[in-house]
Amino acid sequence: MVMTSSRENVQRAPSETPEQHASLFPKLNDAQIAQLAASGVPRHVQSREILFNQGTSDYGIFIVLDGSIELVGVLNGVETVLSVLGRGEFSGEVTQLSGRRSLVLCRACEASALLEIDRSNLRRIMQTDAALGDLFLRAFLLRRVYLIANSVGDAVLIGSSHSSDTLCLRTFLGRNGHPYTYLDVDEDADIQAVLDQFSIRVTDIPVLICRGQLVLRNPSNAETAACFELNAGIDEAGVYDLIVVGAGPSGLAAAVYGASEGLNVLVVESSAPGGQAGSSSRIENYLGFPMGISGQELANRAFVQAEKFGAQISIARTACALKRLHPPYAVELDDGGSVQGRTIIIAAGSRYRKLDLPNVEQFEGVGIYYGATQVEASMCRGDEVAIVGGGNSAGQAAVFLAGFAKHVYLLVRGPGLAQTMSRYLIARIEASSEITLRTCTNIEALEGNAHLERIRWRNTQTGSSETHEIRHLFLMTGADPNTAWLGGCLALNAKRFIKTGTDIGNEWPLRRPPYLLETSLPGVFAVGDIRAGSVKRVASAVGEGSMAVQFVHGVLAE
Ligand SMILES: Cc1cc2nc3c(=O)[nH]c(=O)nc-3n(C[C@H](O)[C@H](O)[C@H](O)COP(=O)(O)OP(=O)(O)OC[C@H]3O[C@@H](n4cnc5c(N)ncnc54)[C@H](O)[C@@H]3O)c2cc1C
């Protein structure tokens, strides 16, 4: 296919430094190219020939043997040349692992000789050759970070900081690592021109423009996922060895271990990978990350790792029932679909608890938040904020938000933090002049109209109340298990967490004893925060997700 595009619509990306180019586009040496030749097909292309378009899915990578190719971002018909690749350099990005749509276009700059490696060969190389696998994976991840940082892709989101649906959509795209250009109607006077171009009324926002053509007005997560084909390449027919419900740390760990040990794995996630950990600005106590890592980055890496081993991860789909078909099991989904697995790992975690005040829901997303990431932080820059909670998530949020907000009030019900928060966080809070701790304090009232405007809290010891003009309130007051969808088909404890192993008692139906993480249904396991008695930590969730795979092998061998 040859295309000579009009060069009037082409612009250059902000210039890459040679160092940036070298880390984004490492050069394969002659020995590596010779090694890869056996897994690829030689291609001779003409000048201006398109190798893949923005939006093409299920294609491989191209290694330049001679000549050059360019990677081009396309938005609203305007092309931006992002990089030009020469001998030894290769195209590719994390979409190569998932089979999703390409975010960029790739074109030959001149007549060139290339080596094309398709997705299945690429995945095999990444699984079997540690050195090349590492090189590809690092380059793919860095390129996705670059695309996100430079908003390169096929999505424009028009929203408002006064709209809770805008925050939901930004969170969904961000957590799925999907780059987008954000235009805020409240800040950008030129937005009207874009709205007019697509006949959009201000009341329709948030509006998502996909591929410069499809206009979605206030779309759901499922509509957004469908528009960007986030679930492209997933084949749900047949019976999986293992279905994992939930892609938080425990579910992603189960997917990585299951797929890397040869199991045919499907993960079903109602929102985006990362779970609760994904809403953390910085996790500092997870082994191997001495400088800390944001929950989002940890999740993105785990997601790519699971896909590298061949796990399929279905986004924006919620499990709503578990049925036993003697065996296998069927997981019924909210879109009417159903998937079958010989074994199931339930890794659906827990959901934040709400404040017991009548108008909480009125301000969710417009003043009340349950996660503290860059998105929320950018909304409260220079303002005072309040955080409710005495656990590590509240402590992390306080330290993180202190870097953006004018002042942070940390409100806790109890007399102090020592019983509920890690020492390192308490020390940082005590050392910060930007954070004020209020103990024995409860929120009494929330006031505002379209947005939260003020908060009144009360000291339960002195009985005195204070009102503050605070427009941003972060609720980090613990969580309840996501077990309602199971409809009582598994043994639960009094707080509705799933019982496993010896805790099941006489609800266990078989002669053999249950495995450590097995639920009252044989072959169905529960891991992470949803499990009764679990330690609510990333490391333990990851540990349980990986351990459960060992027991899955046991059940599959029965
Ligand atoms: C803000 C914050 C900061 C934290 N910081 C730390 C920290 O620094 N260190 C630490 O060790 N721990 C920390 N934690 C705790 C840690 O994040 C959790 O213990 C961990 O995420 C639990 O992992 P999980 O996989 O069991 O569940 P979750 O993280 O809750 O993930 C469950 C996933 O399942 C999905 N799901 C739910 N129901 C369904 C369904 N029906 N169908 C499909 N999918 C479903 C959810 O969307 C979610 O993605 C923090 C928690 C929070 C909220």
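Throughout, numbering of the chain's residues begins at 1 and tracks the sequence. Just so it is clear, the values below take in all heavy atoms, side chains as well, and ignore hydrogens, waters and symmetry mates. These numbers come from a predicted model, not from an experiment.
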**Study point:** salt bridge (Lys or Arg N to Asp or Glu O under 4.0 Å) partners for Asp204, two or more places apart
**Key:** Arg201, Arg217

Exercise for review: Kindly state each residue pair satisfying salt bridge (Lys or Arg N to Asp or Glu O under 4.0 Å) with at least one member in residues 472-484, sequence neighbours excluded.
Suggested key: Arg353-Asp480

**Study point:** Distance, nearest 0.5 Å, that separates OG1 of Thr343 from CG of Leu521
**Key:** 12.5 Å

Review point. Does the side chain of Leu475 come within less than 4.5 Å of Ile368's, by heavy atoms?
Key: yes

Review point. Can you name the disulfide (SG to SG under 2.5 Å) partners of Cys227, sequence neighbours left out?
Key: Cys210

**Study point:** Interatomic spacing from CZ in Phe303 to CD in Gln296 - rounded to 0.5 Å
**Key:** 11.0 Å

Practice item. Assess whether side chain to side chain contact (heavy atoms under 4.5 Å, CB included) is satisfied between Phe172 and His178, documenting all intermediate values. Key: CA-CA 9 Å; Phe172 180 72; His178 197 90; over 6 Å; no

Review point. Between atom NE2 of His472 and atom CG of Asp383, what is the distance when rounded to the nearest 0.5 Å?
Key: 4.0 Å

Point to revise | Closest approach of Ala491 to Glu507 (non-hydrogen atoms, all atoms of both residues) | key: CB-OE1, 3.4 Å

Check your understanding: Considering only heavy atoms from C-beta outward, does the side chain of Met126 approach that of Gln96 to under 4.5 Å?
Key -> no

Check your understanding: Ignoring hydrogens and geometry, is there a side-chain-to-backbone donor-acceptor pair from Asp529 to Ser350 under 3.5 Å?
Key -> no

Review point. Does a side-chain heavy-atom distance below 4.5 Å link Arg144 with Leu103?
Key: yes

Exercise for review: Evaluate the criterion side chain to side chain contact (heavy atoms under 4.5 Å, CB included) for residue pair Leu425 and Leu417; output intermediate values, then yes/no.
Suggested key: CA-CA 10 Å; Leu425 286 168; Leu417 299 172; over 6 Å; no

Revision key, fill the gap. Contacts satisfying ring pair (Phe, Tyr, Trp, His ring centres under 6.0 Å) that involve residues 476-517 (not counting sequence neighbours) are Tyr515-Phe551

**Study point:** Passing option when Arg170 is tested against Val375, Asp165, Thr373 for side-chain contact (heavy atoms from CB on, under 4.5 Å)
**Key:** Val375

Review point. For Ala548, does its backbone N or O pair with a side-chain atom of Glu518 as donor and acceptor, under 3.5 Å?
Key: no

Review point. Looking at Ile315, Val304, Leu298, which one forms a side-chain contact (heavy atoms from CB on, under 4.5 Å) with Pro273?
Key: Ile315

Review point. Do Gln276 and Tyr352 pass the side-chain hydrogen bond (donor to acceptor under 3.5 Å, both in side chains) test, and can you show the C-alpha distance, the side-chain angles, and the key distance before you say yes or no?
Key: CA-CA 9 Å; Gln276 295 170 73; Tyr352 44 75; over 6 Å; no

**Study point:** Euclidean distance, Leu446 CG relative to Leu452 CG, rounded to 0.5 Å
**Key:** 6.0 Å

**Study point:** Asn231 side chain near Arg317 side chain, heavy-atom distance below 4.5 Å
**Key:** yes

Check your understanding: Would you say the side-chain atoms of Glu544 pair up with the backbone N or O of Gly528, donor to acceptor, closer than 3.5 Å?
Key -> yes

Check your understanding: Should Glu430 and Arg423 count as an ion pair when the cut-off is N to O under 4.0 Å?
Key -> yes

Using a 3.5 Å cut-off and no angle test, enumerate the donor-acceptor pairs between side-chain atoms of residues 248-268 and protein atoms at least two apart in sequence or in another chain.
| unit_1 | atom_1 | unit_2 | atom_2 | d |
| --- | --- | --- | --- | --- |
| Ser260 | OG | Val256 | O | 2.9 |
| Ser260 | OG | Tyr257 | O | 3.1 |
| Glu261 | OE1 | His553 | NE2 | 2.8 |

Practice item. Indicate yes or no for a side-chain donor-acceptor contact from Asn359 to the backbone of Gln362 under 3.5 Å, with no hydrogens or angles considered. Key: no

Review point. For residues 386-400, which residue pairs qualify under side chain to side chain donor-acceptor pair (under 3.5 Å), counting only residues two or more places apart or in two chains?
Key: Ser280-Gln396, Asn392-Ser422

**Study point:** From OH (Tyr182) to CG (Leu173), nearest 0.5 Å
**Key:** 11.5 Å

Check your understanding: Got more than 12 heavy atoms from elsewhere within 6.0 Å of CD, Gln419?
Key -> no

Review point. Does the side chain to side chain contact (heavy atoms under 4.5 Å, CB included) test come out yes or no for Leu97 and Leu137, once each step is laid out?
Key: CA-CA 10 Å; Leu97 300 175; Leu137 198 57; 4.1 Å; yes

Check your understanding: Any donor and acceptor pair, going by atom type alone, linking the side chain of Ser520 with main-chain N or O of Ile504 inside 3.5 Å?
Key -> no

Check your understanding: Looking at residues at least two apart in the chain, or sitting in another chain, which of them share a salt bridge (Lys or Arg N to Asp or Glu O under 4.0 Å) with Arg537?
Key -> none

Exercise for review: Please list, chain by chain and in numerical order, all residues satisfying salt bridge (Lys or Arg N to Asp or Glu O under 4.0 Å) with Glu444, sequence neighbours excluded.
Suggested key: Arg456, Arg458

Practice item. Kindly assign one of parallel, tilted or perpendicular to the pair Phe474 and Tyr369, based on the angle between their ring planes and the thresholds 30° and 60°. Key: tilted

Practice item. Could you check if a side-chain atom of Leu169 sits within less than 4.5 angstrom of a side-chain atom of Pro219, using non-hydrogen atoms only? Key: yes

Point to revise | Side-chain heavy-atom pair Ser164, Leu167 within 4.5 angstrom cut-off | key: no

Practice item. Output all residues satisfying salt bridge (Lys or Arg N to Asp or Glu O under 4.0 Å) with Arg175, sequence neighbours left out; order by chain, then residue number. Key: none

Review point. Donor-acceptor pair, Asn221 side chain versus Ser271 backbone, under 3.5 Å?
Key: no

Practice item. For Leu510, look at atom CG and say whether over 12 heavy atoms of other residues, nucleotides or ligands are found less than 6.0 Å away. Key: yes

Practice item. Look only at the side chain of Arg282 and the backbone of Met291, and say whether a donor-acceptor pair between them is shorter than 3.5 Å. Key: yes

**Study point:** Stepwise side chain to side chain contact (heavy atoms under 4.5 Å, CB included) check, Gln374 with Phe400
**Key:** CA-CA 9 Å; Gln374 287 289 345; Phe400 173 64; 4.1 Å; yes

**Study point:** Pairs flagged by disulfide bond (SG atoms under 2.5 Å apart) wherever residues 257-312 is involved - sequence neighbours left out
**Key:** none

Study note, to complete from the structure: With sequence neighbours left out, the residues meeting ring pair (Phe, Tyr, Trp, His ring centres under 6.0 Å) with Tyr409 are His407, Trp457, His468

Practice item. Taking atom CZ of Arg124 as the centre, report whether more than 12 heavy atoms of other residues, nucleotides or ligands fall under 6.0 Å from it. Key: yes

Review point. Judged by atom type as modelled, is there a donor-acceptor pair below 3.5 Å linking the side chain of Lys495 to the main-chain atoms of Asn493?
Key: no

Practice item. Without swapping roles, check the side chain of Ser161 against the backbone of Met379 for a donor-acceptor pair under 3.5 Å. Key: no

Review point. More than 12 foreign heavy atoms under 6.0 Å from CD of Gln550: is that the case here?
Key: no

Exercise for review: For Arg428 and Val399, work out which heavy atoms get closest and say how close.
Suggested key: CB-CG2, 4.0 Å

Review point. Should Ile443 and Leu473 count as side-chain neighbours, where that means a heavy-atom distance under 4.5 Å?
Key: yes

Point to revise | Reported CD1-to-CD1 distance for the pair Ile313 and Ile234, which is rounded to 0.5 angstrom | key: 8.0 Å

Review point. Are the side chains of Leu141 and Val94 in touch, meaning some heavy atoms are under 4.5 Å apart?
Key: yes

Practice item. For Cys168, enumerate each residue passing the disulfide (SG to SG under 2.5 Å) test, keeping only those at least two apart in sequence or located in another chain. Key: none

Practice item. Classify the angle between the aromatic ring planes of Phe289 and Tyr286 as parallel (below 30°), tilted (30 to 60°) or perpendicular (above 60°). Key: parallel

